[in-house]
Number of protein chains: 2
Amino acid sequence: MSMGTIQPVARATLEDVARAAGVSLATVDRVVNRREGVRAKTVARVEAAVAKLGYRADVAAARLARGQSFRFAFVLPTGSNSFMTNLTEQVARTADWLAGQRGFIDILHVDVFDPDVLAGALENLSPAYQGVAVIALDHPRVRAAIDELAARGVAVVTLVSDAPSSRRLHYVGIDNPAAGRTAATLMGRFLSGREGRVAVIAGSLSLRDHTERQFGFHQILTSEYPDLTALPAIEGRDDSERTRKLTAALLERHADLRGIYCCGAGNRGIAEALEASGRARDVVWITHELTQHTRRFLVRGTLDAIINQDPGHEARSAARVLLAHCMEEPISSDQERIRIDIFLRDNLP
Amino acid sequence: MSMGTIQPVARATLEDVARAAGVSLATVDRVVNRREGVRAKTVARVEAAVAKLGYRADVAAARLARGQSFRFAFVLPTGSNSFMTNLTEQVARTADWLAGQRGFIDILHVDVFDPDVLAGALENLSPAYQGVAVIALDHPRVRAAIDELAARGVAVVTLVSDAPSSRRLHYVGIDNPAAGRTAATLMGRFLSGREGRVAVIAGSLSLRDHTERQFGFHQILTSEYPDLTALPAIEGRDDSERTRKLTAALLERHADLRGIYCCGAGNRGIAEALEASGRARDVVWITHELTQHTRRFLVRGTLDAIINQDPGHEARSAARVLLAHCMEEPISSDQERIRIDIFLRDNLP
DNA sequence: CAGAATTTGTGTTGCGTACCTCAAAAAATG
DNA sequence: CATTTTTTGAGGTACGCAACACAAATTCTG
């Protein structure tokens, strides 16, 4: 048995460092907090002692002494679908966790899909917030509102839906073109050897994430699976009833419809239409977001795969990124990268 | 980007609660820390004040005042494959994070695959540890060693590989039968419409996680994909060269070999054999664990899918579970559930 | 109603750090 | 060498809570 590095039982304190370096507490404090007025030679001595003792500031004590606290706003859509409901709940949980860390999250519900309303909400945000997480829209007014917040020194992260050319600090969400490509590869492989058409249903073609997914999907489908032809995307507006009708019409019109890729919401409508048509087992259906509904459809076999982004991870990541920025700490980028999950019936969490 | 003035946010302290409840600080302390000697009526009054003010203990201050610190041992395998190397690095990072929280992690390297050596290591563990995370073996001696630690009051979590009937506190890892089922579904669907044989390569059939994966794989393949026949599992002993030879022999013997499921390590050998045979594009190969090697094979198209468990998540989860147990805090079970990731070329992180 | 038992209040200390002031020492300058 | 400037030291306070000792008030008991 080989042992790893054995660390000291009790951690070194600032006083230990001061004693080891032969300087006073005040000087050590000046060095570790990067204040002015210390000779380079002394800095080096202190830093050597820090390294030798493996000193690390006790975050609990530091936080207590600083007494800082933070207030963040999470701007989320009103009402809306299962995914957004999940996300809201996860943000609430994150808020609960943050409350123990002197961080406060206010959830503001806004009609996120209207650029003017969203931009207005951002512009009128109380100056009490040090950070904002927002489900963004890629629209000039929204971009301008984000840039203005950034200019005021407010940290802005975009959540789930990005505003790429804005001055947001960070985007917390998945790579949507890659998600579309993933869906296409699954579709292509699940349908290997068969010819026919594949339908693409989006919520709205003016939502950046939906068009990006669609783009990725088409890209792979046309280049890798020439036997499959993608139909022009149709807009279900994330509405179940409208989506049901559209899907039913598609099934009726195209006897050679082999697959459906839904890159938005409205999944209940698709399930109804598919099951009513009797072709549920035959048509490969791939959609986004694990919700109570999509889970049921997947277990039942109507749905074949779910491309998912974990709202819990996204909520926590947004909070961590904002917190880290306010405390001028680095973030570990691979922990904050939101993965594109694939769920089949067998690996549902 | 400079921050504006940091505005302190009012946060209820113990004193506020005492004032609101009309009692002294000591009484509030007795109530919130569940000490004896307070009348039910007073308890109720204090709790009402806590609820009304939304009081939450400042975790930083509490931790500082308590001054407790924790020491955990992570028992990991010596040398070993890419996955274990990754895991070790992630544990080291977690240790770094925990060091700021008064937690210390020692990494002990042991030959985990020998039950006697592993059990011996656990038995001889320094009593300084309040918690242990171990890549377990499902073996009587190991179980006994875990139970003895548990009896001594040491929190034990099993990591990656479980010892189900032991008194371990928690298992941090994936559901291996489900992982096998997931692999089978992918295999079956990727090969839809084709007939033939599928090879199963395990590291060792005496490793519980490998046999469990195999079990799940066979279960789904035989019940759902009758056109595919699984060959008896062979043991590659996680050794690339041995695995290469075995794979080459399989390819030679079975002209109708359509797929390979590898539920252990030794992937470099499989890749070599597949590429040498010229059937790399034709045979569907699915394996476990995202490493630098498997990533390369996936991008190149030799490998078709990776079933993965995130070692970073596992390391952090183990630490969180141990820490929560030591501080008698609850754990949020869905954050600690390790997911079965599926990676295709398109959704690689 | 005295005495005992229980409940509550007062007060103190310490955790490790941040941040501040003021004085003392050392170094740099003319 | 005297003076200015820079660097360092000493010491204090505050953060919010835990933990404890001991006194005071209240309730219960016979």
Side-chain angles (χ1 to χ4, degrees), chain A residues 8-47 49-50 53-70 99-103 326-329, chain B residues 5-6 8-47 49-50 53-70 99-103 326-329:
Chain A
V9 186
R11 52 184 311 139
T13 71
L14 273 183
E15 273 198 49
D16 299 328
V17 174
R19 215 173 304 121
V23 298
S24 75
L25 210 74
T27 302
V28 177
D29 174 64
R30 287 175 184 121
V31 173
V32 301
N33 291 314
R34 315 211 130 64
R35 293 188 237 280
E36 293 298 293
V38 184
R39 269 190 309 183
K41 217 176 70 183
T42 316
V43 171
R45 242 198 7 252
V46 172
E47 278 172 350
V50 166
L53 299 181
Y55 169 79
R56 305 238 344 220
D58 182 321
V59 294
R63 193 127 55 188
L64 183 58
R66 255 191 274 266
Q68 354 172 233
S69 62
F70 305 105
Q101 325 271 314
R102 305 170 145 282
C326 288
M327 315 214 320
E328 296 178 341
E329 278 171 1
Chain B
T5 331
I6 291 169
V9 176
R11 185 196 171 78
T13 72
L14 273 186
E15 273 199 47
D16 300 327
V17 175
R19 215 173 306 121
V23 298
S24 76
L25 216 80
T27 302
V28 178
D29 174 63
R30 287 177 185 116
V31 174
V32 301
N33 290 315
R34 316 211 132 62
R35 294 186 232 283
E36 291 297 294
V38 183
R39 268 189 308 184
K41 215 177 72 183
T42 316
V43 171
R45 230 179 39 234
V46 172
E47 279 172 349
V50 166
L53 298 180
Y55 170 79
R56 307 244 338 224
D58 182 324
V59 293
R63 192 127 59 189
L64 184 59
R66 259 190 270 267
Q68 349 171 239
S69 65
F70 304 106
Q101 326 270 316
R102 308 169 96 59
C326 287
M327 316 215 319
E328 295 176 339
E329 279 171 0

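No hydrogens, no waters, no symmetry mates; every other heavy atom, side chains included, goes into these values. First the proteins, then the strands, lettered A, B, ... as listed; each starts at 1. Since this is a predicted model, take the numbers as computed values, not measurements.
Between A/Val31 and A/Thr42, the closest side-chain pair of non-hydrogen atoms is not below 4.5 Å.
Listed nucleotides D/dG9, C/dT8, D/dC17 differ in distance to B/Val38; the shortest reach to its side chain belongs to C/dT8. Here the nucleotide nearest the side chain of A/Thr13, chosen from C/dA18, D/dC22, C/dG16, is C/dG16. Each of C/dT17, D/dT7, D/dG16 was ranked by its minimum atom distance to the side chain of B/Leu64; first place goes to D/dG16.
Within the nucleic acid shown, A/Ala26 comes within 4.0 Å of at least one base atom, counting heavy atoms only. Within 4.0 Å of B/Gly37, counting heavy atoms only, lies at least one base atom of the nucleic acid. No engagement by B/Arg45 is indicated, since no non-hydrogen atom pair under 4.0 Å with the nucleic acid exists. Using a 4.0 Å heavy-atom cutoff across all strands shown, A/Asp29 reaches at least one base atom of the nucleic acid.
When the C1' atom of C/dA18 is taken as reference, atom CZ of A/Arg63 falls 14 Å away, rounded to whole Å. Look at NZ on B/Lys41: it is 14 Å from C1' on C/dT6, rounded to the nearest Å. Between the C1' atom of D/dT8 and the CG atom of A/Leu14 lies a distance of 16 Å, rounded to the nearest Å. As a whole-Å value, the separation of A/Gln68 CD from C/dA18 P is 10 Å. Rounded to a whole Å, the CG atom of A/Asp58 is 6 Å from the C1' atom of C/dG16. Across the protein-nucleic acid pair, A/Arg56 atom CZ and C/dT17 atom P stand 12 Å apart, rounded to whole Å. Computed from coordinates, the A/Arg19 CZ to D/dG9 P distance equals 14 Å when rounded to whole Å. The separation between A/Leu25 atom CG and D/dA14 atom P is 18 Å, rounded to whole Å.
Here A/Arg66 reaches the OP1 or OP2 of C/dA18: one of its side-chain N or O atoms lies under 4.0 Å away. For D/dG9, the OP1/OP2 oxygens have a side-chain nitrogen or oxygen of A/Thr27 closer than 4.0 Å. Under 4.0 angstrom from either OP1 or OP2 of C/dC19 there lies at least one side-chain N or O belonging to A/Arg35. Close to D/dT7, at under 4.0 Å from its OP1 or OP2, lies no side-chain N or O of A/Arg30. Side-chain N/O atoms of B/Arg39 include none lying less than 4.0 angstrom from OP1 or OP2 on C/dT6.
Salt-bridge formation is detected for the pair A/Arg35/A/Asp29: a Lys NZ or Arg NE/NH1/NH2 atom is positioned less than 4.0 Å from an Asp or Glu carboxylate oxygen.
Within 6.0 Å of the CD atom in B/Glu15, the count of heavy atoms belonging to other residues, nucleotides or ligands does not exceed 12.
Between the side chain of A/Arg63 and the backbone N or O of A/Gln68 there is no donor-acceptor pair closer than 3.5 Å.
When each of B/Ala65 and A/Asn33 is assigned the nucleotide of DNA chain C with its nearest heavy atom, B/Ala65 is the one assigned upstream, toward the 5' end.
Minimum interatomic distance between A/Phe70 and A/Cys326 (heavy atoms only, all atoms of both residues): CE2-CB, 3.3 Å.
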